[in-house]
Number of protein chains: 2
Amino acid sequence: MTEEKFFTISELASMFDISSRTIRYYEEMGMLTSITRESLTKQRSYSNTERRRLKLILRGKKLGFSLQEIKEMIDLYESNPEGKAEKERIIEFADKKLKEIDEQILQLQILKEEIFTHRERFLQEK
Amino acid sequence: MTEEKFFTISELASMFDISSRTIRYYEEMGMLTSITRESLTKQRSYSNTERRRLKLILRGKKLGFSLQEIKEMIDLYESNPEGKAEKERIIEFADKKLKEIDEQILQLQILKEEIFTHRERFLQEK
DNA sequence: CTCCAAGTTGACGTTAACGTACACTTAGAC
DNA sequence: GTCTAAGTGTACGTTAACGTCAACTTGGAG
């Protein structure tokens, strides 16, 4: 059996050093779904699946994406498209994102070299 | 002689596909300085130097940095530190930024592979 | 000189991504 | 059962990064 551990909202929050409000906000936005919520209890409870999703969201934020963009990417991860047209649309989206990311990496490398050059300048002058 | 061309605010704006308001805002924030402003005229005028700065700012934004972070980096570019302590502080800052950028590039590469994997999944199922 | 498109200074409006405060409700220790 | 720390929904507050509007001023074409 897969040992399923569940988390309260504040456990999850301190786990990633964010506030409970933030998690509730992500849920409002439809980026997270607390599982047991639909059944008996009134309090949220999160599984490892949700923990992983939250991690994805926070990584996305660190990389400078908006919550909307992150949502789109996560939807890509979890989509199960029917018709061929749907599949093609998704593949196109993926290709677009891949291109954007490549460009972003390129720009970061340029920025890196620039900063390095300036750093050297100060070392030289020492 | 270096052929110096000057630009009005709207020229610069359309050049980068942003609004004049945005440029004025950056100036308010101390990220840009229209040159002729200090002298006779009342209207802003920008040189190539300012054009390059604006380009730097917009690149930074694309990469997900806040205007404050961008300002700090530009200050690094243009700082001329006096004492040894100042130099060391700047070098430390540069090193920190370089590390952050490396981490960012790494995360982007991971994200890239993830998206690629999911893309493949849809191709397979076709 | 005259005219008007373009620029300027406030000042208030807007959106994303939460923070904060409040008046409840819930759940686990005793 | 009860008590309290933790959770909930609702709603208003906040900050960054501009948008927008109004009432002027400026400067280049004619």
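Naming convention: chains lettered A, B, ... in sequence-line order (proteins, then strands); numbering from 1 in each chain.
At least one side-chain heavy atom of B:Asp102 sits less than 4.5 Å from a side-chain heavy atom of A:Lys112. A 4.5 Å side-chain heavy-atom check between B:Asp95 and A:Arg119 finds at least one atom pair inside the cut-off. Side-chain contact between A:Phe122 and B:Pro81 is present, with at least one heavy-atom pair separated by less than 4.5 Å.
Summarising the geometry, the separation between CZ on B:Arg24 and P on D:dT25 is reported as 16 Å, rounded to the nearest angstrom. Taking atom CD1 of residue B:Ile9 and atom C1' of nucleotide D:dG27, one finds them 16 Å apart after rounding to whole Å. In this structure, the CZ atom of B:Phe7 is 14 Å from the P atom of C:dG7, given to the nearest Å. A straight line from CD of A:Glu69 to P of C:dT15 spans 18 Å, rounded to a whole angstrom. In this structure, A:Glu28 atom CD and D:dA11 atom C1' are separated by 11 Å, rounded to whole Å.
A:Thr22 contributes no side-chain N or O that, together with a main-chain N or O of A:Ile18, makes up a donor-acceptor pair within less than 3.5 Å. In this structure, the side chain of A:Ser47 engages the main chain of A:Thr49 through a donor-acceptor pair within 3.5 Å. Side-chain N or O atoms of A:Arg24 include none that pairs as donor or acceptor with a backbone N or O of A:Ile9 at under 3.5 Å. Although no hydrogens or angles enter the test, the distance criterion places a donor-acceptor pair under 3.5 Å between the side chain of B:Glu50 and the main chain of B:Thr33.
In this structure, A:Glu28 pairs ionically with A:Arg21, as a charged nitrogen and a carboxylate oxygen lie closer than 4.0 Å. In this structure, A:Arg89 does not pair ionically with A:Glu92, as no charged nitrogen and carboxylate oxygen lie closer than 4.0 Å. Between A:Glu114 and B:Arg59, at least one side-chain N (NZ, or NE/NH1/NH2) sits under 4.0 Å from a carboxylate O, which counts as a salt bridge.
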When you compare the protein's N or O atoms with those of nucleotides 16-20 of chain D, which come within less than 3.5 Å of each other, and at what distance?
residue	atom	partner	partner atom	Å
D:dA17	OP1	B:Leu67	N	3.0
D:dC18	OP1	B:Lys61	NZ	3.4
D:dC18	OP2	B:Tyr26	OH	2.7
D:dC18	OP2	B:Lys61	NZ	3.1
D:dG19	OP2	B:Ser19	OG	2.5
D:dG19	OP2	B:Thr22	OG1	3.2
D:dG19	N7	B:Arg21	NE	3.4
D:dG19	O6	B:Arg21	NH2	3.2
D:dT20	O4	B:Arg21	NE	3.1

Return the polar atom pairs (N/O with N/O) between nucleotides 23-27 of chain C and the protein under 3.5 Å, or none.
residue	atom	partner	partner atom	Å
C:dA27	OP1	A:Thr41	OG1	2.6

Please tabulate, one pair per line, each protein N/O and nucleotide N/O from nucleotides 2-4 of chain C that are separated by under 3.5 Å, including the distance.
none

Return all side-chain donor-acceptor pairs below 3.5 angstrom for residues 61-74 of chain A, not counting sequence neighbours, or 'none' if the list is empty.
residue	atom	partner	partner atom	Å
A:Ser66	OG	A:Gln68	N	3.4
A:Ser66	OG	A:Glu69	N	3.2
A:Glu69	OE1	A:Ser66	N	2.9

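A close approach under 4.0 Å does not occur between any side-chain nitrogen or oxygen of B:Thr8 and OP1 or OP2 of C:dA6. Look at A:Arg44 and you'll find a side-chain N or O under 4.0 angstrom from OP1 or OP2 of D:dT8.
Atom CD of B:Glu113 is surrounded by 12 or fewer heavy atoms from other residues, nucleotides or ligands within 6.0 Å. Residue B:Gln107 places its CD atom among more than 12 non-hydrogen atoms of other residues, nucleotides or ligands, all under 6.0 Å distant. Residue-environment remark: CD (B:Glu82) stays at or below the threshold of 12 foreign heavy atoms within 6.0 Å. Environment of CZ in B:Phe116: sparse, with no more than 12 heavy atoms of neighbouring residues, nucleotides or ligands closer than 6.0 Å.
For the helix from C:dC1-D:dG30 to C:dC30-D:dG1, the axis fitted to the five pairs at one end and the axis fitted to the five pairs at the other end meet at an angle of 10° (nearest 10 degrees).
Near DNA chain C, meaning a heavy atom under 4.0 Å from it, residues 51-59 of chain A has no residue at all.
Exactly one residue among A:Lys5, A:Glu11, A:Glu27 makes a side chain to side chain donor-acceptor pair (under 3.5 Å) with A:Tyr46. That residue is A:Glu27.
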